[in-house]
Amino acid sequence: MVNSIVKQSIEICLRFNPLPKITSSAEICTLCGMLCKIFNLNIPDVNTTGELKDYVLSHINRSNDDRVNKFVELLLESQKESEQITEEWREVMQYGYDNE
């Protein structure tokens, strides 16, 4: 249930202009899981949110889909210090991937 709430918060962010900054590591992990699914990437085996963000951003391109571009912009603009990825955050990342 928590996983779906985090994913819903990402979807809600897309409704705002300008896009808000996401600040939670759980949101960053969920968003990265969603982008991995959209761009047919495997979820990387990384240890920190900074490594995760760098991996995803280095493997994706801009899209013709405005929704996808907003996801990318959310990730680019996220203002979260790099933190160790916990097992719970791996679960929300997988949920984002599985439910995109």
Side-chain angles (χ1 to χ4, degrees):
M1 180 167 159
V2 171
N3 297 348
S4 68
I5 292 170
V6 175
K7 185 174 182 296
Q8 287 174 352
S9 75
I10 299 295
E11 296 286 350
I12 289 168
C13 286
L14 298 181
R15 298 180 190 161
F16 292 93
N17 190 10
L19 293 172
K21 293 187 184 332
I22 56 174
T23 58
S24 131
S25 293
E27 288 175 315
I28 291 171
C29 289
T30 302
L31 179 56
C32 286
M34 294 165 73
L35 285 167
C36 283
K37 177 71 172 230
I38 290 167
F39 287 98
N40 296 313
L41 302 172
N42 292 322
I43 292 179
D45 184 23
V46 294
N47 296 314
T48 68
T49 54
E51 292 170 345
L52 175 62
K53 185 176 165 180
D54 290 345
Y55 171 84
V56 171
L57 290 173
S58 70
H59 286 83
I60 62 176
N61 299 308
R62 288 291 178 168
S63 170
N64 291 331
D65 184 334
D66 188 50
R67 178 176 172 263
V68 173
N69 287 333
K70 285 184 178 181
F71 283 157
V72 174
E73 187 176 336
L74 272 176
L75 185 57
L76 284 169
E77 297 298 322
S78 63
Q79 294 292 321
K80 188 70 178 169
E81 293 294 322
S82 184
E83 294 184 2
Q84 198 69 21
I85 295 177
T86 65
E87 192 57 40
E88 180 181 7
W89 292 343
R90 289 189 193 286
E91 289 175 15
V92 296
M93 187 179 351
Q94 188 66 51
Y95 183 88
Y97 184 92
D98 292 341
N99 292 282
E100 178 48 47

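Atoms considered below: every heavy atom in the structure, side chains included; atoms not considered: hydrogens, waters and symmetry mates. As the structure is a computational prediction, the values presented were derived from the model and not from experiment.
Cluster annotation: Leu35 and Val6 are assigned to distinct hydrophobic clusters (Ile/Leu/Val/Met/Phe/Trp/Tyr, side-chain heavy-atom contacts under 4.5 Å, transitive). Following chains of ILVMFWY side-chain contacts shorter than 4.5 Å, one can reach Ile85 starting from Leu75, so the two form part of one hydrophobic cluster. Tracing side-chain contacts under 4.5 Å through hydrophobic residues (I, L, V, M, F, W, Y), one never reaches Ile22 starting from Phe16; they form parts of separate clusters. The same ILVMFWY cluster, assembled from side-chain heavy atoms under 4.5 Å apart, contains both Phe39 and Ile10. Note on Ile5 and Tyr95: separate hydrophobic clusters, where clusters join Ile, Leu, Val, Met, Phe, Trp and Tyr whose side-chain heavy atoms are under 4.5 Å apart, directly or indirectly.
A salt bridge links Arg67 to Glu11: one of the charged nitrogens lies within less than 4.0 Å of a carboxylate oxygen.
Pairing each heavy atom of Asn3 with each of Glu91, the nearest pair is ND2-O, 4.1 Å. Smallest separation of non-hydrogen atoms from Pro44 and Tyr55: CG-CD2, 3.4 Å. For Glu27 against Ser9, the heavy-atom pair with the smallest separation is OE2-OG, 3.0 Å.
Interatomic distance, CD1 of Ile43 versus CG of Leu52, reported as 8.5 Å (0.5 Å rounding). Atom CD in Gln8 sits 11.5 Å away from atom OG1 in Thr30 (nearest 0.5 Å). Note that the CG atom of Asn99 and the CE atom of Met34 stand 9.0 Å from one another [nearest 0.5 Å]. Note that NE2 of His59 and CG of Leu57 are 11.0 Å apart. Values are rounded to the nearest 0.5 Å. Atom SG of Cys29 and atom CD of Glu88 lie 10.0 Å apart (nearest 0.5 Å). Interatomic distance, Asp66 CG to Phe71 CZ, rounded to the nearest 0.5 Å: 11.0 Å.
Other residues, nucleotides and ligands contribute over 12 non-hydrogen atoms within 6.0 Å of the CD atom of Glu51. Around the CG atom of Asn42, the shell of radius 6.0 Å holds no more than 12 heavy atoms that belong to other residues, nucleotides or ligands. Applying the 6.0 Å contact sphere to CD of Gln84 captures more than 12 heavy atoms from other residues, nucleotides or ligands.
A donor-acceptor pair under 3.5 Å links the side-chain atoms of Thr49 to the main chain of Glu83, judged by distance alone.
With contacts defined as side-chain heavy-atom distances shorter than 4.5 Å, the pair Leu41/Ile60 qualifies. Proximity of Ile28 to Cys32: side-chain heavy atoms (C-beta onward) are separated by under 4.5 Å at one or more points.
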